[in-house]
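Report on one structure; see the data block that follows.
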Amino acid sequence: MLHVDPILAATSAPPPFTVGRVLTETRLDSWLALGLVLAAGLYLYGVHRLRVRGDRWPVARTVFFLGPGLGGIALVTISGLHAYDTALLSVHMIQHMVLSMVAPIFLALGAPMTLALRTLPLGPRKRLLAIVHSRVARVYSFPLVAFAIFVVNPFALYFSDLYRFTLEHAWAHELVHAHFILTGCVFFWPLLGLDPLPGRWPYPARALLMLLSVPFHTVLGLTIMQSSTLFGGDWYPSLNLSWSDPWDDQVVAGGILWAGGEFVSVTMLAVLVVQWVKQSEREARRVDRELDRQEARERAAGPAPV
């Protein structure tokens, strides 16, 4: 039986969860907040450089990257939600969903790598391309490898003592947040991203892989909801929260993972289909233009001699 230091538990127990406290408990002193500000500044600087030299950058990409992308990460890590992420499993699951599924998708749709390649000087651009096409990048961005990492990680976290360890150590909890983001990027970037990546699968294969991710969230969510043991051992009961029951909260957490995972996966499957259709239309127009040019060349050459 695991036991919690009463002093540690007391300092970890927040007041009752309210929307107002989510707004007022915002913190801007974490390393993640600094990273978000730096990423947003670099992205906007790249867009500015393109505009100065007269090049166009789609507004939608900027909105995706800064809004649901970086903004989604900020919403669940530096807002008041952070005060409850070790007190309520349901809040942790909201973080899990946003950091591993929602934010990485919109970061990928923001095409930051393409922006960097269009704005960096020749030397840094070559180094970035060398990293993108390195053996390590090829292995981790290979869809089956990325899918395995994406599926196995939550089971390894929640069904071992590792999750309890992250509750007891703030640095480990922050590291898990970063890990969620990286795992989501590794999985979604090759599937939905607009950046040039090596070994990208055709759209039908990508859609199949996205479809295979749906049952995974169902299984994990239902397992959490029906578990006869509390995740984190006696951590949550030791907080003695009069306004929350750990068992009920765990059921809510499993439901968030189940419903949220299915919604995001099905939505992204639809996005993949739309991208597939648009790519097919672009290819059809390219073929039509080539046929038109070939026909024009034949007419210009005149009739074939008899």
Side-chain angles (χ1 to χ4, degrees), residues 17 19 22 60-61 63-77 79 81-82 84-85 88-110 143 146-159 163 176-177 179-194 201 203-227 231 248-278:
F17 183 89
V19 175
V22 170
R61 294 185 183 182
V63 172
F64 286 151
F65 189 84
L66 298 180
L70 296 182
I73 296 173
L75 178 65
V76 297
T77 56
S79 75
L81 281 177
H82 83 276
Y84 297 90
D85 61 1
L88 296 173
L89 182 61
S90 56
V91 170
H92 171 78
M93 283 304 171
I94 293 174
Q95 290 181 322
H96 179 152
M97 294 301 305
V98 173
L99 296 178
S100 66
M101 295 193 71
V102 178
I105 290 169
F106 289 99
L107 292 178
L109 293 176
F147 179 76
I149 295 173
F150 185 75
V151 169
V152 170
N153 273 339
F155 286 95
L157 173 64
Y158 297 122
F159 296 95
Y163 181 63
V176 166
H177 289 167
H179 182 69
F180 280 156
I181 297 170
L182 292 175
T183 300
C185 288
V186 165
F187 178 62
F188 286 107
W189 223 289
L191 297 182
L192 297 164
L194 306 176
W201 281 8
Y203 278 104
R206 290 191 237 171
L208 177 61
L209 200 60
M210 183 67 72
L211 188 63
L212 291 176
S213 70
V214 177
F216 146 69
H217 291 103
T218 302
V219 171
L220 183 57
L222 287 175
T223 302
I224 293 174
M225 294 175 70
Q226 298 172 359
S227 176
F231 285 70
D248 293 339
D249 185 62
Q250 183 161 299
V251 173
V252 173
I256 290 172
L257 188 59
W258 176 17
E262 288 199 358
F263 174 78
V264 173
S265 295
V266 172
T267 302
M268 290 305 101
L269 181 60
V271 172
L272 264 178
V273 171
V274 171
Q275 290 182 344
W276 184 5
V277 171
K278 289 184 177 180

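Only heavy atoms go into these numbers, but all of them, side chains included; no hydrogens, no water, no symmetry mates.
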- Task: Apply side chain to side chain contact (heavy atoms under 4.5 Å, CB included) to D85 and V76, showing your working.
- Result: CA-CA 9 Å; D85 61 1; V76 297; over 6 Å; no
Of all heavy-atom pairs between [X] and [Y], which one has the smallest distance, and what is that distance?
X    : Y    : result
S265 : V214 : CB-CG2, 3.5 Å
V63  : P68  : O-CD, 3.4 Å
T267 : F263 : OG1-O, 2.7 Å
L272 : M210 : CD1-CB, 4.0 Å
T77  : H82  : O-CB, 3.3 Å
L257 : H217 : O-CB, 3.9 Å

- Message: If we ignore hydrogens and angles and just use 3.5 Å, is the side chain of T183 paired with the main-chain N or O of H179 as donor and acceptor?
- Response: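 At least one qualifying donor-acceptor pair exists.
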Does the cation-pi check pass for R61 over F64, that is, NZ or CZ under 6.0 Å from the six-membered ring centre and within 45° of its axis? no
From [atom1] ([X]) to [atom2] ([Y]), nearest 0.5 Å:
X    : Y    : atom1 : atom2 : result
I94  : L88  : CD1   : CG    : 9.0 Å
F147 : L209 : CZ    : CG    : 5.5 Å
L70  : F65  : CG    : CZ    : 4.5 Å
T218 : E262 : OG1   : CD    : 3.5 Å

State which residues pass ring pair (Phe, Tyr, Trp, His ring centres under 6.0 Å) with F159; sequence neighbours excluded, sorted by chain then number.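 For F159, the residues satisfying ring pair (Phe, Tyr, Trp, His ring centres under 6.0 Å) (neighbours in sequence not counted) are F155, F231.
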For residues 184-192, run the donor-acceptor check on the side chains, cut-off 3.5 Å, and write out each pair with its distance to 0.1 Å, sequence neighbours left out.
| unit_1 | atom_1 | unit_2 | atom_2 | d |
| --- | --- | --- | --- | --- |
| W189 | NE1 | D195 | OD2 | 2.9 |

Heavy-atom side-chain proximity of [X] to [Y] below 4.5 angstrom:
X    : Y    : answer
Q275 : L109 : yes
H177 : I73  : no
V252 : D248 : no
M93  : Y158 : yes
I256 : S90  : yes
W258 : M225 : yes

Please evaluate residues F180 and H96 with respect to the criterion side chain to side chain contact (heavy atoms under 4.5 Å, CB included), reporting the C-alpha separation (whole Å), side-chain torsions for both, the decisive distance (0.1 Å), and the verdict. CA-CA 7 Å; F180 280 156; H96 179 152; 3.7 Å; yes
Do H92 and Y163 have ring centres separated by under 6.0 Å?
yes
Evaluate side chain to side chain contact (heavy atoms under 4.5 Å, CB included) for M101 paired with M268, printing each intermediate quantity in order.
CA-CA 10 Å; M101 295 193 71; M268 290 305 101; over 6 Å; no
Go through the steps to decide whether L220 and I224 satisfy the test side chain to side chain contact (heavy atoms under 4.5 Å, CB included), and finish with yes or no.
CA-CA 6 Å; L220 183 57; I224 293 174; 4.2 Å; yes
